Amino acid sequence: MTVTRTGAGDTLPPAGLAVTAAPAATAPTYTAMPRTMLWTLMIIYIFNFLDRQIVSILAEPIKRDFGLSDTQLGLMTGLAFALFYTLLGIPIARYADRSTTNRVSLIAWSVAIWSAMTMACGAARTFPQLLLARVGVGVGEAGCTPAAHSLISDSVPPEKRSSAIAFYGLGIPIGSLLGMVIGGGLADAYGWRTAFMAVGLPGLVLAVLVPFLMKEPRRVGMVAGDRMPKAKVQVPVGEALRELATSRCFVLLCLAGGLIAFLSYGKTVWVSVLFIRNFGLTPGETGLYLGVSLGVASMIGTWGGGKLADHFGKRDRKHMLTGPAVAIAVAAPMLFLAYSASDWRVALALLILPTAMNIMYYGPVYACVQGLVRPELRAVAASVMLFSQNLIGLGLGPLLFGVMSDAFQPLAGADSVRWVLYGAAWLGLIPAFLFWRASLRLTRELKSG
């Protein structure tokens with residue numbers, strides 16, 4: 001395979017994600033995604049999830065300091081962030097889809113905003129101030145992923161797209177791992193306020209470096225002309241949303257993605273609470289044990305899911321979604337057994353495999369989303385998917401888990417969190433079914449590029 005080089009001397013991205021451009025006269029042209037760009041996007045996503053998820057391990061000490069209920073804890077860890085993240089996601093994505101927009105600059109500003117607001121979380125002296133700071137984190141992070149997915153899809157051919165997006169998606173488990181380990185360790189040693197400050201500051205440095213590490217393909221001729229919209233006039237928002245709504249596969253993916261995110265975000269917060277509250281571990285111990293073991297499992301699941309989708313998708317495109325459907329279904333009884341364990345070591349061991357299986361959907365699903373629409377709607381398509389995942393998942397998951405925990409407390413006492421997690425384990429069968437249904441429509445609805 002011939003390697004395409006850029007003027008900066010960059011070559012192929014990891015795992016052979018790029019291929020030589022085909023002649024423009026016969027097929028859409030793809031250029032090599034510079035290695036620096038792909039790695040930079042993944043590092044940015046690590047900071048994205050580190051700043052987003054550190055609040056999970058800090059939830060219990062914050063609750064003690066402010067005297068919060070579990071419902072208020074769920075509001076802080078979920079809805080306060082997700083509401084503005086989702087509301088701003090679509091208009092920012094439409095801006096990213098404009099042929100004149102510099103997506104690299106958009107991402108750099110986003111990193112700066114969410115990092116500054118993460119530091120503001122540590123400076124909050126009241127619960128309302130903390131909620132507002134979390135809103136600010138959501139405002140900043142709204143500009144990242146749709147633009148990043150659009151950049152990747154402009155540079156990677158369809159048969160490699162699941163792996164490329166999965167590589168970017170490694171930022172989720174790595175960022176979550178670092179958030180748990182660093183956040184828990186700093187909380188034990190210096191308090192939760194210092195933890196917020198410490199993880200926010202490096203992001204401001206990264207924001208300054210981003211424009212030097214990446215260049216907008218639209219401006220340096222890395223993207224072939226037939227890969228980009230010919231006109232600078234955007235597709236009207238109504239037409240864009242109608243195109244997405246008419247794809248049954250896209251709708252099923254949004255429903256499945258929203259439900260799996262609802263369960264995943266809820267479990268991330270409340271499993272940490274379970275280990276601290278029921279097993280007696282400190283935030284630092286919980287962050288270390290959960291962060292490392294489940295973080296590594298999620299990395300394997302994210303990368304493996306993308307590779308499997310690319311491999312089996314070559315034989316039949318519907319199999320891009322077969323792996324996630326089967327994996328999530330098999331994970332349900334494993335999670336139930338893990339939450340039933342009376343010893344934290346047994347629970348931790350039982351959580352590793354289903355954690356990897358539940359994240360296998362990321363690369364395949366977002367690759368399918370990019371392939372179901374025209375190139376000029378890719379960022380909007382990603383933002384609509386993120387809207388469902390974050391409003392339903394991040395916004396309502398931790399909050400409703402907390403509401404149910406409060407509701408179960410008169411009956412379950414200290415096991416109220418465990419009861420909520422029992423239900424969450426078996427509810428995973430629903431998104432598994434929806435991913436399978438979407439796979440049956442995928443081949444006929446996917447566009448060529």
Side-chain angles (χ1 to χ4, degrees), residues 53 56-57 59 70 73-74 77-78 172-173 176 180 255-279 281 286 289-291 293-298 300-302 305 323-362 365 389 392-409 411-437:
Q53 293 297 97
S56 300
I57 195 63
D70 281 352
L73 208 59
T77 55
I172 298 175
S176 299
M180 296 279 280
L255 290 173
L259 285 170
I260 194 68
F262 172 85
L263 298 172
S264 296
Y265 280 117
K267 287 181 288 190
T268 296
V269 173
W270 294 98
V271 165
S272 299
V273 173
L274 177 72
F275 272 62
I276 295 172
R277 188 180 298 178
N278 291 65
F279 293 135
L281 274 64
T286 301
Y289 300 143
L290 280 179
S293 57
L294 303 190
V296 171
S298 296
I300 295 170
T302 301
V326 173
I328 293 169
V330 173
M334 296 182 182
L335 286 173
F336 180 79
L337 290 175
Y339 301 143
S340 304
S342 57
D343 185 275
W344 70 266
R345 299 167 190 83
V346 176
L348 184 62
L350 291 174
L351 283 172
I352 292 173
L353 184 57
T355 296
M357 299 172 83
N358 271 327
I359 196 65
M360 287 177 66
Y361 78 92
Y362 184 87
V365 167
Q389 285 210 288
I392 297 172
L394 182 55
L396 299 181
L399 175 61
L400 292 184
F401 276 46
V403 170
M404 293 304 297
S405 177
D406 282 339
F408 287 148
Q409 207 157 35
L411 292 174
D415 279 333
S416 63
V417 172
R418 198 189 297 268
W419 282 26
V420 174
L421 292 171
Y422 287 159
W426 292 112
L427 284 174
L429 295 175
I430 300 175
F433 172 76
L434 293 174
F435 280 134
W436 172 72
R437 291 293 298 171

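Note that this is a predicted model, so its numbers are computed, not measured.
V271 is listed as a side-chain neighbour of L351, based on a closest heavy-atom distance under 4.5 Å. Looking at heavy atoms from C-beta onward, R277 lies in side-chain contact with D70 at the 4.5 angstrom threshold. Using a 4.5 Å cut-off on side-chain heavy atoms (C-beta onward), F262 and L400 make contact. In this structure, the side chains of S298 and I172 stay at 4.5 Å or more apart for every pair of heavy atoms. Using a 4.5 Å heavy-atom cutoff, the side chains of L294 and M180 are not in contact. In this structure the side chain of V269 never reaches within 4.5 angstrom of the side chain of Y265, judged on heavy atoms. Looking at Y289 and F275, their side chains never come closer than 4.5 Å, going by heavy atoms from C-beta outward. For the pair I260 and V365, the minimum side-chain heavy-atom distance is 4.5 Å or more.
For the atom pair L263 CG and N358 CG, the distance stands at 8.0 Å (nearest 0.5 Å). Distance check: Y362 OH to S264 OG gives 13.0 Å after rounding to the nearest 0.5 Å. Distance CD/Q389 to CG/L259: 10.0 Å, rounded to 0.5 Å. With rounding to the nearest 0.5 angstrom, the CG atom of L281 is 8.0 Å from the CD1 atom of I276. The CG atom of L350 lies 11.0 Å from the OH atom of Y339; values are rounded to the nearest 0.5 Å. Taken from OG1 in T268 to CG in L290, the straight-line distance is 9.5 Å, to the nearest 0.5 Å.
Across all non-hydrogen atoms, the minimal contact from G295 to P173 is O-CB, 3.5 Å. The shortest non-hydrogen separation linking L353 to M334 is CD2-CE, 3.7 Å. Taking every heavy atom of both residues into account, A341 and V346 meet most closely at CB-CG1, 3.9 Å. Closest of all the heavy-atom pairs between T286 and S272 is CG2-O, 3.9 Å.
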Expected list for residues 419-434: side-chain donor-acceptor pairs under 3.5 angstrom, two or more places apart:
none

**OP:** Decide side chain to side chain donor-acceptor pair (under 3.5 Å) for S405 and S416; before the verdict, give the C-alpha distance in whole Å, the side-chain angles of both, and the deciding distance to 0.1 Å.
**Re:** CA-CA 5 Å; S405 177; S416 63; 3.0 Å; yes
